[in-house]
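Below you'll find the structure, written out as structure tokens, and then a few comments.
Here the structure is a predicted model, which means the values were calculated and not measured.
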Amino acid sequence: MNSDSDLQIAGDILEVPHLLQTPREHPATVAEFVGLARSIAADRSQWEHLVRYDATTRWYHRLSTGPGYEVWLLSWVPGQGSGLHDHGRSSGVLTVLEGTLTERTERGTRALAAGAQRVFAPGYTHEVANDALEPAVSLHVYYPGLTEMPMHAATACEARTAPRPVTA
């Protein structure tokens, strides 16, 4: 039986700087975009002072950009929603910063409380709404940057959440 450890055989990678990957200045993988969203969410000083609430429409503000990506901050007063849509050729990370949002897809409905994250690929169709009684704030990272948001007609996801008629 060989008693040599991997460390004895290969050496400590931290002692061989030329073997370490250099940290990326900007995210390039799904995990790195999720990490970017989490780090912004955790640092309230980056976004809290910017939040505004608009009773007539969802409020939004482009928080930052990087090579090929954008970070958006949105606020939602009770009753506001996005309508059923996709994000064109963009992938994204949705992070709820405050409050609770509801996401509806053809697969079902889920409540997203503060701290919840959703990752989606191009063509992912959903509706996001504030069905709660308190305002909500969310952070959205899009790669590549959002250039279109096609709206969709009513589908099974709306039928699933619509009230059923009462029969006598």
From CA spacing to verdict: ring-ring contact (aromatic ring centres under 6.0 Å, His included), Phe33, Tyr69: CA-CA 9 Å; Phe33 281 110; Tyr69 71 89; 5.5 Å; yes
Nearest 0.5 angstrom please: [X] [atom1] to [Y] [atom2], how far?
X	Y	atom1	atom2	answer
Glu127	Thr105	CD	OG1	11.0 Å
Thr125	His152	OG1	NE2	4.0 Å
Glu32	His26	CD	NE2	11.5 Å
Ser75	Glu98	OG	CD	10.0 Å
Leu139	Ser39	CG	OG	9.0 Å

Pair His87, Tyr124: side-chain N/O donor-acceptor within cut-off below 3.5 Å: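 Side chains of His87 and Tyr124: no pair found under 3.5 Å.
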Do [X] side-chain atoms and [Y] backbone N/O form a donor-acceptor pair below 3.5 Å?
X	Y	value
Ser82	Val128	yes
Glu48	Ser45	no
Trp76	Gly81	no
Gln117	Ala37	no
Gln46	Asp43	no

Considering all heavy atoms, the nearest Pro144-Ser90 contact: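 Taking every non-hydrogen atom into account, O-OG, 2.6 Å.
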Report yes if the side chains of [X] and [Y] come closer than 4.5 Å at any heavy-atom pair, otherwise no.
X	Y	answer
Thr100	Leu112	no
Leu73	Leu97	yes
Thr102	Arg104	yes
Trp59	Leu74	no

Flag yes if more than 12 heavy atoms outside [X] fall under 6.0 Å of its [atom1] atom; otherwise flag no.
X	atom1	value
Phe120	CZ	yes
Arg89	CZ	no
Tyr143	OH	no
Glu134	CD	no

Audit row: Thr65, Glu70, side-chain hydrogen bond (donor to acceptor under 3.5 Å, both in side chains) steps and yes/no: CA-CA 4 Å; Thr65 62; Glu70 298 177 315; over 6 Å; no
Joint hydrophobic cluster, Trp72 plus Leu101, side-chain heavy atoms closer than 4.5 Å: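 Looking at the clustering, Leu101 is in the same group as Trp72.
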Same apolar cluster (I L V M F W Y, side chains within < 4.5 Å links), Val137/Leu50: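 Yes, Val137 and Leu50 fall within the same hydrophobic cluster.
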ring-ring contact (aromatic ring centres under 6.0 Å, His included) between His85 and His126, worked out: CA-CA 6 Å; His85 68 281; His126 68 162; 4.7 Å; yes
